[in-house]
Amino acid sequence: METTSEKVTVDLKLDETYGAFINGEFVEPSNGYIDAINAANGKLLSKIARCGKEEIDRAVTAANEAFKGWSTTLIEERSALLHKVADVLEANQDRLKMIECLDTGRPIHEFDLDYQLAIYQFRYFASAILTYEGASRPVQNGHLIVKKEALGVCAQIIPWNVPMIMVSFKLAPALAAGNTVVLKPAEDASLSTMEFAKLLQEVLPKGVVNIVPGYGTEAGQALIDHPDVHKLAFTGSVDVGRLVGKTAGERILPVTLELGGKAPHIVFPDVDIDRAVENATLGYTFFNGQSCILGTRLFIHEDIYDEFVEKLIARAKEVKIGDPTDRSTRVSALINEKQGKSVLGYFEIAKEEGAKILYGGNRVTVPGNEYGYFIEPTIIEATSEMRIAQEEIFGPAATVTRWSDIDDVIRMANDVDYGLAAGIMTNDLENALDTANKLQAGSVWINQYFNFQSGAPFGGFKNSGVGREYSKEALDNYTQSKTIVAAYQLPPAGFFK
Ligand code: NAD
Ligand code: MN
């Protein structure tokens, strides 16, 4: 373990309470507040509105009223405003990163990536909308126009793991396309989003973005059930995603879902083992293991299996578990006790089904942070069909499985309900691309995990979801095409005889 400590301190100046952000104002909620808790030490950071039907109704009304103006605003102007959003996010990022670090318990150093992605996201869609054209062509005796129209009010629900990434993935394409938004952040991590609302207040017209924090069964449910929303977008668990999808089905609303993942990471025998181990370790421990894109199912070729696993364990021992505000920390507190217990519960399930915990598996105490659930990077030898290798753990843990035959490993890699991401490590690019073509996953990263590139579609195959974000395709998910066929004059008299 590293011994250096580089504690970062920022004066947070948090408000005592955060109301619902509706029509450009912070509104006192009618049902009171939810405690915003520091995930590592359990201290109260602030209180956020516990929104219910009443706030949702006001927010949806405000968004509908703002829609006419926003959807008809010149795209050049919307683009300029989205660049301004990126600017204020960039200028305030140090403070927001620390707020998010404390609220979620994730290591502070990770937020450099989160905020870079979020800022790029606003800039990307500020630019993409300028070249998002419909179609137009002459037809016999007239002209055909296909235009892309905004949908209206988008109901967007996001999880707690990467709040600002989620906020940007949801807001940027929706706003660029001319929609207005009612966004519900997760009850365990709304603070950075509420502080961001203060920045939006200075930049965007009233009612274009409304933010209604609260519980899923109250604020979330009321939002998806509201009759005056025109699109549902959700990121989170498969169970809630299914409910959102059902609601969209009943109401015939367009829907995008970004759900869980259980990504295979396939290691070929020709790799540089040390570098591959490093990449694999990043791939299963980043975000404290709490992300749907992590490479948590490691398939290692039998020729290098023993050496690879030995080094993977040695590397796991070196991962610094510590206070989230220490820049040298790499694994920190999980979001809450429920998540911590769920992760530890999965290790028990693993043992019961005959998997072998090769390293880790325990909660550790970090002085001053006795409240938090800090879990050791955990390596579990398992077969592909065991629950530990099939279900989302959402903690810093990976299974290791031996393979020898390429068809066999592809079958195992695909033999899972999810299909969000996958990784491959090999020096043979032909081999890598051939394997990538056979994997059922929305994103495949060869030789570098989490290789996010602007404009690359992000989303899931199979139970990992419906629709794509992060790319121009997202604009298709936030618009509907209207075909207009204009004839130059009425048909000649008697044409219907
Ligand atoms: P969740 O699906 O319960 O919560 C996600 C969001 O949905 C939150 O904002 C929540 O308030 C809201 N929500 C919950 N019930 C709702 C309802 N009935 N109607 C409308 N909105 C509702 O996820 P969770 O409890 O935070 O995490 C549980 C598991 O989900 C995790 O262990 C993990 O496996 C998975 N997860 C996936 C992602 C992802 O990015 N795909 C993110 C977080 C969690
Ligand atoms: Mn919190």
Side-chain angles (χ1 to χ4, degrees), residues 14 34-48 50-51 56 99-106 155-163 165-167 169-170 182-194 211-226 229 232-248 255-263 287-294 296 324 333-343 345-346 371-372 390-395 417-418 420-421 442 458-460 463-465 469:
L14 289 168
I34 300 172
D35 289 348
I37 301 289
N38 177 318
N41 65 21
K43 286 191 185 140
L44 184 73
L45 292 164
S46 179
K47 287 168 181 284
I48 50 153
R50 176 181 170 180
C51 293
I56 300 301
I99 291 171
E100 210 168 303
C101 162
L102 299 178
D103 201 6
T104 61
R106 282 181 42 216
Q156 303 183 321
I157 297 178
I158 57 172
W160 42 259
N161 55 347
V162 288
I165 292 181
M166 287 292 115
V167 166
F169 274 35
K170 292 287 179 279
V182 179
L183 175 102
K184 193 200 87 66
E187 52 270 39
D188 285 301
S190 298
L191 267 186
S192 57
T193 308
M194 299 320 292
I211 300 176
V212 285
Y215 293 114
T217 48
E218 296 176 357
Q221 189 75 50
L223 180 55
I224 61 173
D225 286 343
H226 199 288
V229 300
L232 306 182
F234 172 81
T235 298
S237 64
V238 176
D239 287 348
V240 180
R242 206 168 259 134
L243 177 81
V244 174
K246 265 189 195 160
T247 306
V255 62
T256 39
L257 303 172
E258 202 269 275
L259 309 176
K262 189 77 180 173
F287 307 110
N288 281 338
Q290 300 169 129
S291 166
C292 43
I293 56 175
L294 293 172
T296 52
L334 298 185
I335 189 71
N336 56 30
E337 184 181 14
K338 183 173 157 234
Q339 193 62 31
K341 289 196 163 146
S342 161
V343 171
Y346 266 111
Y371 173 90
Q390 288 284 323
E391 297 176 21
E392 208 168 36
I393 312 300
F394 248 53
D417 289 339
Y418 297 108
L420 190 60
F458 175 72
N463 282 7
S464 290
E469 302 188 290

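Numbers here simply count residues along the sequence, with the first being 1. All values below come from the heavy atoms of this structure, side chains included, with hydrogens, waters and symmetry mates left out. Whatever order the structure lists ligands and atoms in, that order sets their numbers, starting from 1.
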Item to complete: Would you mind listing which atoms of ligand 1 come within a distance below 4.0 Å of any non-hydrogen atom of Pro159?
Response: 42 (C), 43 (C)
Discussion item. Please confirm whether Met166 approaches ligand 1 to less than 4.0 Å, judged on its heavy atoms.
Written reply: no
Item to complete: Among all protein heavy atoms, pick the one closest to atom 25 (O) of ligand 1 and tell me residue, atom and distance.
Response: Lys338 NZ, 4.1 Å
Worksheet item: At what distance is the nearest protein heavy atom to atom 31 (C) of ligand 1, and which residue and atom is it?
Response: Phe394 CD2, 3.8 Å
Worksheet item: Measuring from Ile48:CD1 to Ser190:OG, what's the distance to the nearest 0.5 Å?
Response: 3.5 Å
Worksheet item: If you measure from atom 19 (N) of ligand 1 to every heavy atom of Cys292, Gly216, Ala222, which option wins on shortest distance?
Response: Gly216
Fill in: Gap separating the CD1 atom of Ile393 from the CG atom of Leu294, nearest 0.5 angstrom
11.5 Å
Worksheet, complete the sentence: One should read off an interatomic distance between Asn336 CG and Lys341 NZ, to the nearest 0.5 angstrom, of 10.5 Å
Practice prompt. Using side-chain hydrogen bond (donor to acceptor under 3.5 Å, both in side chains) as the criterion, list what pairs up with Asn41, not counting sequence neighbours.
Written response: Asn38
Worksheet, complete the sentence: In ligand 1, the atoms that come under 4.0 Å of a heavy atom of Gln339 are 32 (O)
Item to complete: Could you tell me which atoms of ligand 1, counted from 1 in the order shown, lie closer than 4.0 angstrom to a heavy atom of Ala186?
Response: 9 (O)
Fill in: Heavy-atom nearest neighbour in the protein, as seen from atom 18 (N) of ligand 1, with distance rounded to 0.1 Å
Gln221 OE1, 3.0 Å
Discussion item. Checking Tyr346 now: which residues fulfil ring-ring contact (aromatic ring centres under 6.0 Å, His included) with it, not counting sequence neighbours?
Written reply: none
Discussion item. Give me the residue, atom name and distance of the protein heavy atom closest to atom 9 (O) of ligand 1.
Written reply: Ile158 O, 2.8 Å
Item to complete: Pick one of side chain, backbone, both or neither for how Ser237 approaches ligand 1, counting any non-hydrogen atom pair under 4.0 Å.
Response: both
Worksheet item: Is there side-chain contact between Gln390 and Asp417, with heavy atoms separated by less than 4.5 Å?
Response: no
Discussion item. Quick test: of every protein heavy atom, which one is nearest to atom 34 (O) of ligand 1, and how far off is it to 0.1 Å?
Written reply: Glu392 OE1, 2.6 Å
Practice prompt. Heavy-atom contacts with Asn161 under 4.0 Å: which atoms of ligand 1 show up? List them by number with element.
Written response: 40 (O), 42 (C)
Worksheet item: Which bit of Glu187 gets closer than 4.0 Å to ligand 1, counting heavy atoms only: side chain, backbone, both or neither?
Response: side chain
Fill in: Ligand-residue contact atoms, ligand 1 with Glu258, heavy atoms, under 4.0 Å
41 (N)
Worksheet item: Taking heavy atoms and a distance under 4.0 Å, where does Leu259 meet ligand 1: side chain, backbone, both or neither?
Response: backbone
Response to the item:
for atom 12 (C) of ligand 1, nearest protein heavy atom and its distance come out as Ile157 CG2, 3.6 Å
Worksheet item: Do any non-hydrogen protein atoms sit less than 4.0 Å from atom 4 (O) of ligand 1?
Response: no
Worksheet item: Which count of protein N, O or S atoms is obtained for distances strictly below 2.8 Å from the Mn ion (ligand 2)?
Response: 4
Item to complete: Kindly determine whether Asn463 and Leu259 satisfy side-chain contact (heavy atoms from CB on, under 4.5 Å), including the steps that lead there.
Response: CA-CA 7 Å; Asn463 282 7; Leu259 309 176; 5.9 Å; no
Practice prompt. Could you tell me which atoms of ligand 1, counted from 1 in the order shown, lie closer than 4.0 angstrom to a heavy atom of Gly220?
Written response: 19 (N), 20 (C), 21 (N)
Item to complete: With sequence neighbours left out, write down each residue that passes side-chain hydrogen bond (donor to acceptor under 3.5 Å, both in side chains) with Lys170, or none if nothing qualifies.
Response: Thr235, Glu469
Worksheet entry | Residue, atom name and distance, where the atom is the protein heavy atom closest to atom 27 (O) of ligand 1 | Trp160 NE1, 3.9 Å
Item to complete: Give the contacting part of Val244 toward ligand 1: side chain, backbone, both or neither, where contact means a heavy-atom distance below 4.0 Å.
Response: neither
Discussion item. Please report the interatomic distance CD(Glu258) to CD1(Ile158), rounded to the nearest 0.5 Å.
Written reply: 12.0 Å
Item to complete: Among all protein heavy atoms, pick the one closest to atom 7 (O) of ligand 1 and tell me residue, atom and distance.
Response: Phe234 CE1, 3.2 Å
